[in-house]
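In what follows, residues are counted from 1 in the order of the sequence shown.
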Amino acid sequence: MGHREDLLEGAKRCLLEKGYARTTARDIVAASGTNLASIGYHYGSKEALLNLAFLRVTEEWGDLLTEPVEGSAADGGPRAPLDQFRDSWQRVIASYPETRSVWQLQMEVVSRLEKDPELRKALLGPQNAGRAGLAENMLGIDPEKDPERSRVAGLFSQALLIGVMVQWMMDEESAPSAQDLADGLKVVLEGRADQECSAPDPREGRPRRIRPGPAGRS
């Protein structure tokens, strides 16, 4: 590899070992076997290099999560949406021991976004692509065939992913399993059998009372 690739690989290692804030230019040089001048020559600044390295780390982590885990139905043809949801979360949670440093790094980067506009700007485009990937991998929604459903499913999946990360980093014993998440989604979708909900009356524009029917029906 040339210096450009060496720097990127060195920056990725530093991010996972030391985190974003604690990584210095000299750390990257030591990890890559290059020199300080090469950072400015190839990337313009240490921050630009770290931002790109972070994106590469998260992309590689995402690739890992697409690999089927033992006992999943990933190779058995089309799956029911809830089965795909559970299998996808099984991959995410099973990766935790191996990729804990990636989870920690992502939490650190999120905490920096408000005070680092350049970092936030660098992540905007990849974040949208990541949401589409989550919608497709976790819920089987093709972003090209159904962009609006992909958009909202991606928002939901990303919000859930961040919450699951925090719970696993705080307390592994009480953190949710893939089955917990699937069961929780079923509870949300089914609602309470004895609960009425309001929906607009198309004739008068006023709420009308609806009693939920069986799961999957309104």
Side-chain angles (χ1 to χ4, degrees), residues 8-9 11-20 23 31 50 52-113 123 126-143 146 149-190 215:
L8 187 57
E9 290 301 313
K12 285 160 53 180
R13 289 197 297 273
C14 289
L15 284 175
L16 294 174
E17 293 171 3
K18 306 189 70 170
Y20 195 103
T23 294
L50 286 179
L52 180 59
F54 172 71
L55 292 176
R56 292 292 181 268
V57 167
T58 54
E59 287 171 3
E60 292 168 6
W61 178 67
D63 291 341
L64 175 66
L65 300 188
T66 63
E67 298 177 1
V69 295
E70 184 177 353
S72 76
D75 296 324
R79 291 169 287 167
L82 197 60
D83 290 338
Q84 177 161 350
F85 179 84
R86 185 192 60 245
D87 289 348
S88 298
W89 276 105
Q90 188 178 347
R91 287 195 295 273
V92 173
I93 292 170
S95 78
Y96 180 68
E98 180 184 351
T99 62
R100 181 184 178 93
S101 58
V102 181
W103 295 38
Q104 293 172 330
L105 175 62
Q106 293 191 71
M107 291 297 102
E108 180 192 359
V109 167
V110 167
S111 72
R112 295 178 59 88
L113 292 178
L123 297 182
Q127 175 177 246
N128 291 330
R131 288 170 176 164
L134 287 171
E136 187 166 17
N137 291 329
M138 293 187 170
L139 299 169
I141 300 174
D142 188 327
D146 201 338
R149 290 182 70 233
S150 172
R151 183 188 71 83
V152 296
L155 291 168
F156 168 78
S157 298
Q158 186 181 50
L160 192 56
L161 179 61
I162 294 171
V164 170
M165 281 184 175
V166 170
Q167 291 186 67
W168 269 89
M169 292 175 66
M170 288 184 64
D171 181 14
E172 296 180 28
E173 292 299 320
S174 66
S177 67
Q179 190 62 54
D180 288 334
L181 295 172
D183 290 344
L185 183 58
K186 285 180 63 178
V187 169
V188 171
L189 293 174
E190 291 171 354

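- With rounding to the nearest 0.5 Å, the separation of CG in Leu155 from CG in Asn128 is 8.5 Å.
- In terms of heavy-atom proximity, Ile141 sits nearest to Ala153 at CD1-CB, 3.6 Å.
- Leu134 CG to Gln127 CD: the interatomic distance, rounded to the nearest 0.5 Å, is 10.0 Å.
- By the 6.0 Å contact criterion, CZ on Arg112 is enclosed, its count of non-hydrogen atoms from other residues, nucleotides or ligands being greater than 12.
- In terms of heavy-atom proximity, Thr99 sits nearest to Trp61 at OG1-NE1, 3.4 Å.
- With rounding to the nearest 0.5 Å, the separation of CD in Glu108 from OG in Ser101 is 12.0 Å.
- Among all heavy-atom pairs drawn from Leu161 and Trp89, the shortest one is CA-CH2, 3.4 Å.
- Lys186 has no carboxylate O lying under 4.0 Å from a charged side-chain N of Asp183, or vice versa, which leaves the two without a salt bridge.
- Here Arg13 pairs with nothing under the side-chain hydrogen bond (donor to acceptor under 3.5 Å, both in side chains) rule; sequence neighbours left out.
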Problem set entry | Stepwise side-chain contact (heavy atoms from CB on, under 4.5 Å) test for Leu105 and Val109 | CA-CA 6 Å; Leu105 175 62; Val109 167; 4.2 Å; yes
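- No donor-acceptor pair closer than 3.5 Å links the side chain of Ser150 to the backbone N or O of Asp146.
- Of all heavy-atom pairs between Leu82 and Ala182, the closest is CD1-O, 3.9 Å.
- Of all heavy-atom pairs spanning Ile93 and Ser177, the tightest one is CD1-C, 3.7 Å.
- By the 4.5 Å heavy-atom criterion applied to side chains, Val110 and Gln106 are not counted as neighbours.
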For this session: Go through the steps to decide whether Gln158 and Ile162 satisfy the test side-chain contact (heavy atoms from CB on, under 4.5 Å), and finish with yes or no.
Result: CA-CA 6 Å; Gln158 186 181 50; Ile162 294 171; 4.3 Å; yes
For this session: Before giving the answer on side-chain contact (heavy atoms from CB on, under 4.5 Å), spell out for Leu160 and Met138 the whole-Å C-alpha distance, their side-chain angles and the decisive distance to 0.1 Å.
Result: CA-CA 11 Å; Leu160 192 56; Met138 293 187 170; over 6 Å; no
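- Counting all heavy atoms, side chain and backbone alike, Phe54 lies closest to Leu15 at N-CD1, 3.5 Å.
- Side-chain atoms of Gln84 come within 3.5 Å of backbone atoms of Asn137 as a donor-acceptor pair (strictly under, hydrogens ignored).
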Exercise. After noting the C-alpha distance and the side-chain angles of Leu123 and Leu55, does the key distance pass the side-chain contact (heavy atoms from CB on, under 4.5 Å) rule?
Worked result: CA-CA 8 Å; Leu123 297 182; Leu55 292 176; 3.4 Å; yes
Please tabulate, for the side chains in residues 163-171, all donor-acceptor contacts under 3.5 angstrom to protein atoms that are two or more places apart in sequence or on a different chain.
unit_1 : atom_1 : unit_2 : atom_2 : d
Trp168 : NE1    : Pro176 : O      : 3.0
Asp171 : OD1    : Glu173 : N      : 3.2
Asp171 : OD2    : Ser174 : OG     : 2.8

